[in-house]
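Step one of this worksheet: look at the structure below.
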Amino acid sequence: MKSPNTRATNTRTITTSSPACCFRNSAPRATRWASSSNSNSAPTGGGRPTPWPPPAWPASVSFSPATLPPGPPDQPANHPYEEHERRKASVLRTHTCGELRPDQIGAEVFLCGWVDRVRDHKGVIFIDLRDRWGRTQVVVGPDAAAETLAAARAARAEWVLRVQGTVGARPEGTTNPKLATGGIEVVCRTITVLNEAETPVFQPGSTDLPGEEVRLTNRWLDLRRPAMQENMFLRSRIVKIMRDHFDELGFIDVETPMLGRSTPEGARDYLVPSRLEHGSFFALPQSPQLYKQLLMMAGFDRYVQVAKCFRDEDLRADRQPEFTQLDVEMSFVEADDVIGVIEGLVRRTAREILGLDVPLPLPRLTWDECMERFGHDAPDLRFGLEIVDLTDLAGESDFRVFRGAVESAGRVRGIRVPAVAERFSRKDLDTLTAVAVEAGAKGLVWLKCESGGVWAGPVAKNLTSIADTLRARLGCEPGDLALIVADSFEVTCKALHTLRKRLGAELALYDPKAMHFSWVVDFPMFARDTESGGWASMHHPFTAPRPADLELLESDPAACRAVAYDLVINGSEAGGGTIRIHDSATQEKVFKLLGISTEMARERFGFLLDALRSGAPPHGGIALGIDRWVMLFGGLESIRDVIAFPKTQKASDLMTGAPGPVETKQLVELGIRVLAPPKPVGRASEGD
RNA sequence: GGGGGUGUAGCUCAGUUGGUUAGAGCGCCAGCCUGUCACGUUGGAGGCCGCGGGUUCGAGUCCCGUCACCCUCGCCA
């Protein structure tokens, strides 16, 4: 546990570092490769025209393999471009649309790409050719071959062209500083139309974004948008950093099955029927949890996998039914070992992606501290508004609501919102009250601290006896607002957390580019199951209790803490892990507590119990939510923006129409009869 | 399952108190234009106002139902 001072220092250090975010700059592609390419792929021999590709093929406007002019040889002698750039070249192109610069003026080039825009000035035609690397202006002048001119005139948005030409300097005054390639243009000799395009539903280059439904239905078009390409590239970079990090630390990547067995705990499973055994079903993994533990028992020591996981639960802005975890497990470790390895990854990712220097170790808060100070187990630590406990004062007051909460073993807690008393109207405060009620509170007490430290508000007169101590406890000064909730501990947590989160965003109490990383540790082992009234695992049933809490397992399960740790980034759970139980006796005890009978435990987890009895090393691990990492590091608000082909809130794919009906024959083969008749019309073909 | 929002031209949106022929920008089609880069300019085409029902002399507008998408609560070990 860290002192508040340490935490605050960390926050400041991180947030005041340069937020330079190279993938979000206005000229991102220019900088992307800067680290891996030392020079700007200058032609050998100074500015001399290069000896290849062979000059002058007849212009052609239609594509067929037979008529396609030959491109540059695969491994030309005298290759003028460095190794790295050459890999992006191909038989069809010498360069991408993002890499030509004034020092290549005079070079003969082939570019391939999509028509972003055509500006036809009759005498001279400009075509912006776009690919994932950037945009290059292609010029077709009045002296171009007739076929080339015709092709340029015919070209429309999103056609795919191959252009042959010479890199030319732009006439004075016509350079475009907004474009990485804006210093040059390609003077076009021939155009090959590789594919025409029907008028697109929307323009990938347009500034106004179509609605999500249109984007998802035409996802291939949406993915052509530079912003989406940036997101996919960011994701790729983050995953590569992860893979490199664990590879360098000696981790082994092992794949685990997608077709597994349904387990009683946890989320709803996605099921796959068995053809060979009617009535039996596979379940898609909610996570590779058991497999990775068994890999430890098999002696693999340090395991890592980029694992697809499936949970059939309702969706949110940051939740998809299929998502990706970086799954990690280690043997002969304690929590600090796992935490250390992940902190190294956090530091590395922040540096390589954002250019931020994250001081280690990261701050750690216990679960209890989190709930007391922030009301939530994944608090946003980019801003203050900490919760203050007022229960003892409230018990001394004459206010019935406060006394009532105290007498029924509840709590009275509040937050101080600095310097908003004048700004917040009665209507604003009604809205905040509604927010608190929505979160389960019976009401919200608001008090404005006026000049001289006098409280104002509907119930201020009930609190005169404790007015001064209340003000001192909250630290309120004139102009501040106090929001107080009296209820059970859980309800005060939820209501005040919701208010805190909302006010933090509304009042812009933090820099939206700031990043704050922290650990939350010492979670309770169990929580009361609201439905059955029994105990449920807070994390999962394989979590080890703290060694000191072992006896509590039987005497006082509620007080028993787990060796669990969550990585929290900006108020979002970015990863979670535990040290696992590695002996069958403890495991069986926990199963029993969770209401899993010995028979059911044998039936469902027999293999685990057997393995735990046959040489299981102490082990533990963590899983990081890759989709969330990409969202957080990219400053994105929707998980659908970091997944190439995401699902809607009803878990359907608007592009393919999945899920869809199947042939009766298929159902018969699987021994399945459907209760409700399937929808008559497939979604993908609807409206056409 | 509950609460909220949205749905009008290919796209983004406006549409008054219920009123006669539903608009704009972009895109599309055609013409003009040799330095643009969100090119400019002239003209044109394009509408099941999500769908179904109701109220009304009259509905894009009001009411009921329904569908889709989004946000959210429950749910997500």
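Numbered from 1 within each chain, the chains take letters A, B, ... in sequence-line order.
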> Strictly by modelled atom types, are A:Ser584 and A:Gln587 linked by a side-chain donor-acceptor pair under 3.5 Å?
Replying inline: no

> Rounding to a whole Å, what distance do you find between A:Gln649:CD and B:C67:P?
Replying inline: 15 Å

> Can you tell me how far C1' of B:C69 sits from CG of A:Asp641, to the nearest Å?
Replying inline: 15 Å

> With rounding to whole Å, what would you report as the distance between B:G54 and B:A14 at their C1' atoms?
Replying inline: 28 Å

>> Say we look at B:C11 and B:G18: how far apart would their P atoms be, to the nearest angstrom?
In response: 29 Å

> Just how far, in rounded Å, is P of B:C75 from CD of A:Gln286?
Replying inline: 16 Å

> Would you say the side chains of A:Tyr291 and A:Gln289 form a donor-acceptor pair under 3.5 Å?
Replying inline: no

> Nearest-Å distance, CG (A:Asp116) to P (B:G27)?
Replying inline: 12 Å

>> Closest-nucleotide mapping onto RNA chain B: is A:Ser638 or A:Lys494 further toward the 5' terminus? I mean the 5' end.
In response: A:Ser638

> Should A:Val338 and A:Met330 be marked as a side chain to side chain contact (heavy atoms under 4.5 Å, CB included) after you check the CA-CA gap, both sets of side-chain angles, and the distance that decides it?
Replying inline: CA-CA 7 Å; A:Val338 180; A:Met330 303 164 74; 4.0 Å; yes

> B:U41 and B:G27: how far apart are their P atoms, nearest whole angstrom?
Replying inline: 11 Å

>> How many whole angstroms separate atom CD of A:Gln325 from atom C1' of B:C76?
In response: 12 Å

> Going by atom types only, do A:Asp269 and A:Gln286 share a side-chain donor-acceptor pair under 3.5 Å?
Replying inline: yes

>> Treating primed atoms plus P, OP1 and OP2 as sugar-phosphate and everything else as base, which nucleotides of nucleotides 29-37 of chain B get B, S or - for protein heavy atoms under 4.0 Å?
In response: SS-SBBBBB

>> If I take atom CG in residue A:Leu221 and atom P in nucleotide B:G27, what distance separates them, rounded to the nearest angstrom?
In response: 16 Å

>> With a cut-off of less than 4.0 Å, is there a side-chain N or O of A:Ser652 near OP1 or OP2 of B:C69?
In response: yes

> Just checking A:Ala267: base, sugar-phosphate only, or nothing, at a heavy-atom cut-off of under 4.0 Å?
Replying inline: sugar-phosphate

> What interatomic distance, in whole Å, is found between C1' of B:A9 and the corresponding atom of B:G44?
Replying inline: 15 Å

> A:Arg219 has an atom CZ; how far is it from atom C1' of B:C69, in whole Å?
Replying inline: 14 Å

>> When both hydrogen-bonding distances must be under 3.5 Å and the geometry is Watson-Crick or G-U wobble, what is B:G44 paired with, if anything?
In response: B:C28

>> Roughly how many Å apart are B:G1 and B:G58, using the C1' atom of each and rounding to a whole number?
In response: 40 Å

>> Only pairs with both distances under 3.5 Å count, Watson-Crick or wobble alike; so what is the partner of B:G35 in this structure?
In response: none

> A:Ile639 has an atom CD1; how far is it from atom P of B:U72, in whole Å?
Replying inline: 12 Å

> Can you check whether A:Arg215 has a side-chain N or O nearer than 4.0 Å to OP1 or OP2 of B:C70?
Replying inline: no

> Is there a donor-acceptor contact under 3.5 Å linking the side chains of A:Asp368 and A:Thr366?
Replying inline: no

>> Give me the distance, rounded to whole Å, that separates B:G60 from B:G19 when you measure between the C1' atoms they each carry.
In response: 13 Å

All N/O contacts under 3.5 Å from nucleotides 7-14 of chain B to the protein, with atom names and distances to one decimal?
| from | atom 1 | to | atom 2 | distance (Å) |
| --- | --- | --- | --- | --- |
| B:G10 | O2' | A:Val201 | O | 2.9 |
| B:C11 | O4' | A:Val201 | O | 3.3 |
| B:U12 | OP1 | A:Gly211 | N | 2.4 |

>> Between A:Gln649 and A:Arg640, is there a side-chain donor-acceptor contact under 3.5 Å, judged purely by atom types and distance?
In response: no

>> Going by purine N1 to pyrimidine N3 plus the second Watson-Crick contact, or the G-U wobble pair, all under 3.5 Å, which nucleotide sits opposite B:G7?
In response: B:C67

> Which part of the nucleic acid does A:Thr543 contact within heavy-atom distance under 4.0 Å: base, sugar-phosphate only, or nothing?
Replying inline: nothing

>> Side chains of A:Thr586 and A:Asp583 only: does a donor on one sit below 3.5 Å from an acceptor on the other?
In response: yes

> Do the ring planes of A:Trp519 and A:Tyr565 sit parallel (below 30°), tilted (30 to 60°) or perpendicular (above 60°)?
Replying inline: perpendicular

> With rounding to whole Å, what would you report as the distance between B:U36 and B:U12 at their C1' atoms?
Replying inline: 25 Å

> Now, which nucleotide makes the Watson-Crick or G-U wobble pair with B:A22, with each of the two distances under 3.5 Å?
Replying inline: none

> Given the C1' atoms of B:C67 and B:G53, what is the spacing between them in whole Å?
Replying inline: 15 Å

Which atom pairs, donor and acceptor, lie under 3.5 Å between side-chain atoms of residues 569-579 of chain A and protein residues at least two apart or in another chain?
| from | atom 1 | to | atom 2 | distance (Å) |
| --- | --- | --- | --- | --- |
| A:Asn570 | OD1 | A:His516 | N | 2.7 |
| A:Asn570 | ND2 | A:Ala514 | O | 3.3 |
| A:Thr578 | OG1 | A:Arg580 | NH1 | 2.6 |

>> Can you tell me how the ring of A:Phe591 sits relative to the ring of A:Phe605, calling it parallel under 30°, perpendicular over 60° and tilted otherwise?
In response: parallel

> Distance-only, no hydrogens or angles: does the A:Arg156 side chain make a donor-acceptor pair with backbone N or O of A:Ala154 under 3.5 Å?
Replying inline: yes

